[in-house]
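These figures come from a predicted structure and were not determined experimentally. Lettering follows sequence order; numbering is per chain, from 1.
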Amino acid sequence: MQKYAVNLSYTINSGQVFLWEKDDLIWHGVNGFDVISVRETPFEINSLSQNKSDFFRESDDLDLILKNISNDEIVKKAVRLFPGLRLLRQDPFQCFISFIVSANSSIQNIQRILKKICKKFGTKVKFEGKEFFLFPEPKKLAHASTSELLDCGLGYRTKAVKEASTVVSEKQIDFDYLKKTNYKNTKEILLDVYGIGNKVADCIMLFSLEKLEAFPLDRWMVRILQKYYSKKLHLNGKSLTEKKYNCLHQIIVDHFGAYAGYSQQFLYKMERDLYQKKWL
DNA sequence: TACTAACCTGTACG
DNA sequence: ACGTACAGGTTAG
């Protein structure tokens with residue numbers, strides 16, 4: 001019996017993952033070369049590979065984390081409202097490409113593009129009586145032609161996806177190394193990739209590279225911070241420059257703590273729900 | 001250093 | 001119907 005039950009729809013529909021679907025009571029999702037199925041009650045996970053990737057981060061010490069981030073009153077309220085929300089541990093390459101694709105795009109568009117990429121370049125597999133297309137290997141995407149990528153709806157992101165896949169396939173980027181090294185070092189390496197800016201780098205680090213202090217600042221989070229923390233953060237000006245972003249990140253970690261990424265997820269969820277913005 | 005226009009694509013709105 | 005705005009940003013200048 002879990003002390004904290006996972007709420008799958010909160011978690012899966014919180015902008016972290018894009019290749020999940022619900023079929024009756026079971027959710028299925030593509031995660032790299034794997035397909036994961038999960039049922040909410042009773043909580044049960046299966047996967048094509050049979051590997052335990054701890055996708056739902058059940059090994060995290062939630063008692064500690066939730067208590068820690070609840071030092072902030074606003075976050076505390078969000079945790080109380082959405083206790084089943086979780087951070088996920090994704091396949092790094094899929095996460096990397098997903099968030100490059102996400103830049104300046106809507107959720108639906110991101111989903112459509114990623115599905116097409118899987119269908120065009122990924123391996124078809126069967127799992128629990130259903131068909132899935134796995135996320136393609138870096139080499140496969142790196143060697144894709146421009147027209148094939150354009151067919152996936154990538155538009156001007158085509159160049160970014162191709163270059164990003166190339167640096168991974170040529171081992172200029174090694175996710176295992178990035179998981180081990182620190183936030184700052186990882187971020188510098190990711191920012192060197194064409195198509196990756198501060199926000200996308202933070203998403204990749206938080207969702208797939210074990211950097212729980214990463215705190216992606218998109219236009220929504222900036223608005224949320226302005227709304228609740230304007231005194232603390234003095235966010236003047238509209239654009240977030242590199243220097244401002246770094247400065248702000250330091251303030252955020254000082255305020256929210258080492259698990260700031262969890263705080264971000266809860267704040268985001270609460271605010272989106274409050275405003276009942278279209279979500280999927 | 002700080003700021004902004006342009007950017008593929010799809011959909012929602014008037 | 002058809003133009004305009006906007007969508008979880010990044011880059012070039």
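- In this structure, A:Tyr183 and A:His249 have parallel ring planes: the angle between them is below the 30° cut-off, well short of the 60° mark.
- What separates OH of A:Tyr245 from P of B:dC3 is a distance of 17 Å, to the nearest Å.
- Ranking B:dT9, C:dG9, C:dG8 by closeness to the A:Asn109 side chain, first place goes to B:dT9.
- A gap of 14 Å separates the P atoms of B:dC13 and C:dG8, to the nearest Å.
- Atom CG of A:Asn104 is separated from atom P of B:dC7 by 12 Å (rounded to the nearest Å).
- Comparing B:dT9, B:dC7, B:dA2 by their nearest atom to the side chain of A:Tyr156 picks out B:dC7.
- Under 3.5 Å, the side chains of A:Thr11 and A:Gln16 contain no donor-acceptor pair of N or O atoms.
- The nearest whole Å value for the distance from the CG atom in A:Leu114 to the C1' atom in B:dT9 is 14 Å.
- When only modelled atom types and interatomic distance are considered, A:Asp72 and A:Tyr228 share no side-chain donor-acceptor pair under 3.5 Å.
- Of the candidates C:dG8, C:dA7, C:dG9, the closest approach to any side-chain atom of A:Ile107 belongs to C:dG8.
- For A:Gln264, whose side chain is taken as the heavy atoms from C-beta onward, the closest listed nucleotide among B:dG10, C:dG9, C:dG8 is C:dG8.
- Between A:Tyr259 and A:Asp61, the side chains place no donor N or O within less than 3.5 Å of an acceptor N or O (distance only, hydrogens not considered).
- Backbone-only contact: A:Val193 has heavy atoms under 4.0 Å from sugar-phosphate atoms and none from a base.
- Following rounding to the nearest Å, A:Leu190 (CG) and C:dT11 (C1') show an atom-to-atom distance of 17 Å.
- No engagement by A:Ile110 is indicated, since no non-hydrogen atom pair under 4.0 Å with the nucleic acid exists.
- Between the side chains of A:Asn198 and A:Lys187, a donor-acceptor pair is found at a separation under 3.5 Å.
- Put simply, A:Lys159 has no side-chain N or O that comes within less than 4.0 Å of OP1 or OP2 on C:dT11.
- The partner of C:dA12 is B:dT4, by the rule that a Watson-Crick or G-U pair needs both atom distances under 3.5 Å.
- A straight line from CD1 of A:Ile196 to P of C:dT11 spans 8 Å, rounded to a whole angstrom.
- When the C1' atom is compared between B:dA6 and C:dA5, the two are found 15 Å apart, to the nearest whole Å.
- Computed from coordinates, the A:Ile100 CD1 to B:dC8 C1' distance equals 16 Å when rounded to whole Å.
- For A:Arg112, whose side chain is taken as the heavy atoms from C-beta onward, the closest listed nucleotide among B:dT11, C:dA7, C:dT10 is B:dT11.
- Rounded to whole Å, the P atom of C:dG13 lies 14 Å from the corresponding atom of B:dC8.
- Here the options are A:Ile113, A:Thr166, A:Leu154, the test is side chain to side chain contact (heavy atoms under 4.5 Å, CB included), and the partner is A:Val161; only A:Leu154 passes.
- If you take CZ of A:Phe18 and C1' of B:dG10, they are 16 Å apart, rounded to a whole angstrom.
- Look at NZ on A:Lys199: it is 13 Å from P on C:dA7, rounded to the nearest Å.
- The side chain of A:Arg219 has C:dA7 as its nearest neighbour among B:dC3, B:dT9, C:dA7.
- Within the structure, every side-chain polar atom (N or O) of A:Arg157 is placed at least 4.0 Å from both OP1 and OP2 of C:dT10.
- Comparing A:Val200 and A:Ser106 against DNA chain C, the residue whose closest nucleotide sits nearer the 5' end is A:Ser106.
- If you check B:dG10, C:dT11, C:dG8 against the side chain of A:Tyr194, the one that comes closest is C:dT11.
- The A:Asp218 side chain lies nearest to C:dG8 when the options are C:dT10, C:dG8, B:dT11.
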